K.L.:
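One structure is given below, represented as structure tokens, and several questions about it will come after.
Computed from a predicted model, the values in this text were never measured in an experiment. Lettering follows sequence order; numbering is per chain, from 1.
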There are 2 protein chains.
Amino acid sequence: MKKITIGEAARQSGVKVPTIRYYEGIGLLSAPSRSEGNQRSYEPSDLNRLAFIRHARELGFEIEAIRTLLQLQDDPHQPCASADAIAKARLIEVEQRIRSLNALKAELELMVEGCGHGRVDQCRVIEVLADHGKCAHPHH
Amino acid sequence: MKKITIGEAARQSGVKVPTIRYYEGIGLLSAPSRSEGNQRSYEPSDLNRLAFIRHARELGFEIEAIRTLLQLQDDPHQPCASADAIAKARLIEVEQRIRSLNALKAELELMVEGCGHGRVDQCRVIEVLADHGKCAHPHH
DNA sequence: TCTTGCACCTCTAGTCGCTAGAGGATGTAG
DNA sequence: CTACATCCTCTAGCGACTAGAGGTGCAAGA
């Protein structure tokens, strides 16, 4: 149960020091106790919360979504419908993003393949950018 | 060859009015001539440039990359190696992004499937977030 | 004990690519 | 002439940090 400095918490959680302070500032993390010299001193249990946030951020959840998820975690007797809804919404976002990135990928591949490595006036990269009609799938 | 107001340019190019002014402000678009009453008045040829920018933005190119691409377009005798390099770099970015989003998608699907729609203390969504080790592929 | 040097503190400002709003001028249709 | 839409400039805000200035705390070596 020994206390941890912010630097140690950063190392163990993988969340950077200024980011931890930022999370505290926006109320995502409650303010820890302080040492005599006014330095933040964390409980080991704070690391769980930090890991939770980090993981959720890696999965692309927005801060406000994470705020809700943390509140749910704090009150385990609530129904988990909201958590489910947040995750489902995120899944749909990700699926859409993948679809649109796949379209972009196809477009970029055509551009790059079509580049004859000559001069700009024969370059398909520039040409396609200048004329959307030359896209393979012009509906992006 | 008749002149066009900013609103009309916005309608025809699909770039919003404040965004056109913003592009002018950061020097992506050269300042157009003005009417007697100080209102911007565009040439039809400005619409091409606007369309180019819009298309490049849709493909996810950053403003600085677009700035370079526009310079290349303005000087068609240059070799197109830079354009090619920019497009290739963007392609690699997109491919990486797709890979990482596919990993996220798998993760989110597991979370959502595993949610028994009961209470938070049995919810896989919360559980997985709290413990990265429960991920299917913990290397994100 | 002193000093070195890193880690910590707060605060402000910057990043990117816009977007929103205030407060006022211009242009056009009836 | 009067509405009303559109235009103008300017500043501030968004999300999620990141960077830097200017100062304090703390542990270890000489």
K.L.:
Once you apply a heavy-atom cut-off of 4.0 Å, does B:Arg21 come out as touching a base, just sugar-phosphate, or nothing?
P.N.:
base
K.L.:
Is any side-chain N or O of B:Tyr23 closer than 4.0 Å to OP1 or OP2 of C:dG17?
P.N.:
no
K.L.:
Would you indicate what A:Ile6 reaches in the nucleic acid, counting non-hydrogen atoms under 4.0 angstrom: base, sugar-phosphate, or nothing?
P.N.:
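If one applies the 4.0 Å heavy-atom cut-off, A:Ile6 turns out to touch the sugar-phosphate alone, with no base involved.
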K.L.:
Output yes when A:Glu93 and A:Arg90 qualify as a salt bridge under the 4.0 Å nitrogen-oxygen rule, no when they do not.
P.N.:
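Salt bridge flag = yes for A:Arg90 with A:Glu93.
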K.L.:
Does a side-chain N-to-carboxylate-O contact under 4.0 Å join A:Arg11 and A:Glu8?
P.N.:
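Looking at A:Arg11 and A:Glu8, the cut-off is met.
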K.L.:
Under the side chain to side chain donor-acceptor pair (under 3.5 Å) test, which residues partner A:Glu64, sequence neighbours left out?
P.N.:
A:Arg67
K.L.:
What nucleotide, of D:dT18, D:dA16, C:dC18, holds the atom closest to the side chain of B:Thr19?
P.N.:
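Per side-chain heavy atoms of B:Thr19, the pick is C:dC18.
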K.L.:
Determine, for nucleotides 21-27 of chain C in 5'-to-3' order, which nucleotides have protein heavy atoms under 4.0 Å from the base (write B), from only the sugar-phosphate (write S), or from neither (write -).
P.N.:
-----SS
K.L.:
Taking the nucleotide of DNA chain C with the nearest heavy atom to each, does B:Lys16 or A:Gly7 sit closer to the 5' end?
P.N.:
A:Gly7
K.L.:
Using whole Å, what does the distance between atom C1' of nucleotide D:dT6 and atom NZ of B:Lys3 come to?
P.N.:
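For the pair B:Lys3 NZ and D:dT6 C1', the rounded distance is 19 Å.
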K.L.:
Tell me whether the OP1 or OP2 atom of C:dG17 has a side-chain N or O from B:Arg67 closer than 4.0 Å.
P.N.:
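Negative; the distance criterion is not met.
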K.L.:
Do the side-chain N or O atoms of A:Arg40 get closer than 4.0 angstrom to the phosphate oxygens (OP1, OP2) of C:dC8?
P.N.:
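No, outside the criterion.
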K.L.:
Are A:Ile26 and A:Ile66 joined in one hydrophobic group, where the rule is that I, L, V, M, F, W and Y side chains link up if heavy atoms are under 4.5 Å apart?
P.N.:
yes
K.L.:
Between D:dC17 atom P and A:Arg54 atom CZ, what is the distance in whole Å?
P.N.:
12 Å
K.L.:
Between B:Arg54 and B:Glu58, does any side-chain N to carboxylate O distance fall below 4.0 Å?
P.N.:
yes
K.L.:
Would you kindly give the CD-to-P distance between A:Glu62 and D:dC17, to the nearest whole Å?
P.N.:
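So the two atoms are 11 Å apart, to the nearest Å.
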K.L.:
May I ask you to say whether A:Glu109 pairs ionically with A:Lys105, meaning some side-chain N is under 4.0 Å from a carboxylate O?
P.N.:
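Salt bridge present between A:Glu109 and A:Lys105.
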K.L.:
Which nucleotide sits closest to the side chain of B:Tyr22: D:dC17, D:dC8, C:dT19?
P.N.:
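The listed nucleotide nearest to B:Tyr22's side chain is C:dT19.
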K.L.:
What does B:Phe61 touch in the nucleic acid at a heavy-atom separation under 4.0 angstrom: a base, only the sugar-phosphate, or nothing?
P.N.:
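Counting heavy atoms under 4.0 Å across all strands, no contact is made by B:Phe61.
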K.L.:
Cut-off 3.5 Å, no hydrogens considered: what does the side-chain donor-acceptor table look like for residues 75-82 of chain B, sequence neighbours left out?
P.N.:
none

K.L.:
Expressed in angstrom and rounded to an integer, what is the separation of A:Ile53 atom CD1 from D:dA16 atom P?
P.N.:
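For the pair A:Ile53 CD1 and D:dA16 P, the rounded distance is 12 Å.
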K.L.:
Given C:dG17, C:dC9, D:dT9, identify the nucleotide with an atom nearest to the side chain of B:Arg57.
P.N.:
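Comparing C:dG17, C:dC9, D:dT9 against the side chain of B:Arg57, the answer is C:dG17.
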K.L.:
Rounded to the nearest angstrom, tell me the gap between atom CD1 in B:Ile26 and atom P in C:dG14.
P.N.:
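Value for this atom pair: 17 Å.
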K.L.:
Specify the separation, in whole Å, of atom CD1 of A:Ile20 and atom P of D:dT18.
P.N.:
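Distance check: A:Ile20 CD1 to D:dT18 P gives 12 Å.
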K.L.:
By nearest atom, which of the nucleotides D:dA16, C:dC8, C:dG17 is closest to the A:Thr5 side chain?
P.N.:
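Shortest atom-to-atom distance from the side chain points to C:dC8.
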K.L.:
More than 12 foreign heavy atoms under 6.0 Å from CZ of A:Arg97: is that the case here?
P.N.:
no
K.L.:
Counting any heavy atom closer than 4.0 Å, what does B:Arg11 reach on the DNA or RNA strands: base, sugar-phosphate only, or nothing?
P.N.:
nothing
